[in-house]
There are 2 protein chains.
Amino acid sequence: MIENQPKKPSKSDRTRAQILEAARLLFAEHGYDGASIRDVAAHASIDPAMVIRYFRSKDELFARAAVVDLQLPALRVIDRTTIGETLIRRFLEIWEGPASGPGMAILLRSATSNEFAAEKLRDVFGNQVRPVVAAVADPAADADRRAGLVSSQLLGLAMCRYLLRLPPVVALSHDEIIQNVGPTLQRYVVGEDVS
Amino acid sequence: MIENQPKKPSKSDRTRAQILEAARLLFAEHGYDGASIRDVAAHASIDPAMVIRYFRSKDELFARAAVVDLQLPALRVIDRTTIGETLIRRFLEIWEGPASGPGMAILLRSATSNEFAAEKLRDVFGNQVRPVVAAVADPAADADRRAGLVSSQLLGLAMCRYLLRLPPVVALSHDEIIQNVGPTLQRYVVGEDVS
DNA sequence: TCCATTTGTCAACGACTGTTGACTTTCTAA
DNA sequence: TTAGAAAGTCAACAGTCGTTGACAAATGGA
């Protein structure tokens, strides 16, 4: 009899959720170093010591905050000619839609100076992006290379548009992104490739 | 009679250069926050106070270390069908060749959590990448958008290959990068575009 | 009501940070 | 040789950081 979720949403659960929400917001905006535990506590209207009580350390808080589930669609079932478009559409949903949290922003903001975040980001690539691309890559041996190229374009777009906020990339409409980046991803995934 | 370079390479000049070299190395590897003045001083085998004496503050030291000159080739004179290839070749030289310093790595490593680095990176885009693309973009009005797309791909590739060190992207050979990313850049710069 | 557990408050710790000023050593020009 | 500038050393400052432990308040079941 394993009961993972005892029915009472005790008071501590709410506090715990508040801390986590504040942490996700501040980590996404200022990165691991830039968001102090005191900042998180202030943003959650709570004492800094409570942050440590609920999450044992800043590292563990960051680990809890930096969870990412891209929920990428299976590419096998859709039309083979619209793979690139499907990918970039899902990408825009993840970043700008309300459902997906700031998980990717959290990782990307800290990955350049925090080895844990970098490793986590490599994990997201290996366990979420790569399998989806591998399922449709023509010679299976090319799967890694194709997935890597896809990641480089998507990650660069995210950097320019959401983190660096490069004006001309911010100005791009959804349709412009889909019609320009879609074909790139399409070629990276199923295009004829170099040996 | 303006003499910008008095002939004597005084002792202080050498020390100054040592500090700057150590700073560029550490900033490129650990970012602005991750590289302390004490680290830089230790790496240059001098006292931390000297770093402040020669450069007035850490911010100023970082500003001096984060200078970038891409020396992008003028795209007008070359064959219009090899623009993408030319760009990606130059990109690889900048990152892996011995001539260009770690300037781009310094900026990219800190741009996600340091507003000065972010602004400087946007400057590099606006003053070095954009003009080169604008010179050949077909409707001049598209120049910004095209330059932005080019930047997103190049910046993403740099992130994955040199900072994040994503294994399949690190494993790519120069030829593979040229033959895969080249066409992408070609289309971004001179391909038919969406309104 | 009473007591034990939970939840929250407060002050402080040691470590690290950028930066400063007083001091000594070294070099250079007269 | 000597005075003055340049170069380098050292200890300490004020601030921030993550983290801790002692203590008070609130809560909830018996």
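Heavy-atom basis, side chains included; hydrogens, waters and symmetry copies ignored. Only a predicted model underlies this, so the values are computations on that prediction, with no experimental measurement involved. Letters A, B, ... mirror the listed sequences (proteins, then strands); counts begin at 1.
- For A/Ile52, the side-chain atoms get nearest to D/dT19 when compared with the rest of D/dG8, C/dT17, D/dT19.
- Within the 4.0 Å cut-off from OP1 or OP2 of C/dG8, at least one side-chain nitrogen or oxygen of A/Thr15 is found.
- The CZ atom of A/Phe62 sits 17 Å away from the P atom of D/dC17 (whole-angstrom rounding).
- Checking B/Tyr188 against B/Ser152 by side-chain atom types alone, no donor-acceptor pair falls below 3.5 Å.
- Put simply, NE2 on B/His30 is 17 Å from C1' on C/dT17, counting in whole angstrom units.
- Taking only side-chain atoms of B/Arg38, from C-beta outward, the nucleotide of D/dA12, D/dG8, D/dG18 with the closest atom is D/dA12.
- Distances shorter than 4.0 Å separate none of the side-chain N or O atoms of B/Ser57 from OP1 or OP2 on C/dG18.
- Between B/Lys58 atom NZ and C/dT20 atom C1' there is a gap of 17 Å when expressed in whole angstrom units.
- The pair B/Glu93-B/Arg90 meets the salt-bridge criterion, since a charged nitrogen lies less than 4.0 angstrom from a carboxylate oxygen.
- Electrostatic pairing of A/Arg122 and A/Glu119 counts as a salt bridge here, judged by a charged N lying under 4.0 Å from a carboxylate O.
- Nucleotide D/dA24 holds its C1' atom 13 Å from the CG atom of A/Asp47, rounded to whole Å.
- One atom, CD1 of A/Ile46, and another, P of C/dG8, lie 5 Å apart when rounded to the nearest Å.
- In this structure, A/Arg16 satisfies the cation-pi test against A/Phe55, with its NZ or CZ atom closer than 6.0 Å to the six-membered ring centre and inside 45 degrees of the ring normal.
- Between B/Asp33 atom CG and D/dT16 atom P there is a gap of 15 Å when expressed in whole angstrom units.
- Among D/dT19, C/dG21, C/dT19, the nucleotide with an atom closest to any side-chain atom of A/Ile37 is D/dT19.
- Note: CZ (B/Phe55) to P (D/dA7) measures 13 Å, nearest angstrom.
- Counting non-hydrogen atoms under 4.0 angstrom, A/Tyr54 reaches the backbone sugars and phosphates but no base.
- For the pair A/Lys58 and A/Tyr32, the cation-pi test (distance below 6.0 Å, angle within 45°) is passed.
- Distances were taken from every side-chain heavy atom of B/Arg53 (C-beta onward) to each of C/dG21, C/dA12, D/dA7; the shortest belongs to D/dA7.
- Among the nucleotides C/dG8, D/dT20, C/dG18, the one closest to any side-chain atom of A/Met50 is C/dG8.
- Here the P atom of nucleotide D/dT27 and the CZ atom of A/Arg14 are 11 Å apart, to the nearest Å.
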